[in-house]
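Quick caveat: nothing in here was measured; it's all calculated off a predicted structure.
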Amino acid sequence: MTPANLAGQFGDTTYTKVFVGGLAWETQKETMKKYFEQFGEILEAVVITDKATGRSKGYGFVTFREPDSAMRACVDAAPVIDGRRANCNLASMGVQRSKPSTPKHGGGRNFRVMSSFQTGFGGGVGTAFPPAASFPQVLFILARLHIPN
């Protein structure tokens, strides 16, 4: 499959694809799929592996049919999968960390990053989302789910 075809396989996955990091090395896609099925219909679940060794790289992706399923899956940003605390967020948001890196010079920039996590999705500390008001699309999805922001 060419990259263009692969990108279009599930259409626009901006709000349906979830990044799952911190997986145990032995976690298989079936285990990950079984955990995430509770949130909605899954189109694809993959664990990324090293091409040379075939070993897991410790992260993967879950693509849901509906955006509200992906949002529900990310409410707990640190689920326990296969006995290990993982981390998840919408893949389109990029890497999200629950703790900022150690500041090198005064920490001003890291403080702003940390404050966005403290106010994050639903207002909980350590969540994987910046404030919902930053993303009008999220507000639309929240309205569909009847979740107050």
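Considering all non-hydrogen atoms of both residues, G22 and R84 come closest at O-NE, 2.7 Å. Residues P79 and D76 share a closest heavy-atom pair of CD-O, 3.4 Å. Annotation for G60 and L23: closest pair N-CD1, 3.9 Å, computed over non-hydrogen atoms.
Every residue was checked against the side chain to side chain donor-acceptor pair (under 3.5 Å) condition with S56, not counting sequence neighbours, and none meets it. Residues satisfying the side chain to side chain contact (heavy atoms under 4.5 Å, CB included) test with L43, not counting sequence neighbours, are F10, T63, R65. Among residues two or more places apart in sequence or in another chain, the side chain to side chain contact (heavy atoms under 4.5 Å, CB included) test is passed with S92 by T14, L90. Scored by the side chain to side chain donor-acceptor pair (under 3.5 Å) test, D82 finds T27 as partners (sequence neighbours excluded).
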Practice task
Given side chain to side chain contact (heavy atoms under 4.5 Å, CB included), test Y35 with V62 step by step and report yes or no.
Solution key: CA-CA 10 Å; Y35 173 81; V62 177; over 6 Å; no
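Here CZ of F19 is found 9.5 Å from CD1 of I48. Values are rounded to the nearest 0.5 Å. Rounding to the nearest 0.5 Å places OG of S69 at 9.0 Å from CD1 of I42.
A 4.5 Å side-chain heavy-atom check between F36 and I81 finds at least one atom pair inside the cut-off.
Identified under the salt bridge (charged side-chain N to carboxylate O under 4.0 Å, His left out) test for residues 45-62, with sequence neighbours left out: none. Sequence neighbours left out, not one pair with a member in residues 13-38 passes salt bridge (charged side-chain N to carboxylate O under 4.0 Å, His left out).
Aromatic ring pairs are classed by plane angle as parallel below 30°, tilted from 30° to 60° and perpendicular above 60°; the pair F61 and Y59 is perpendicular.
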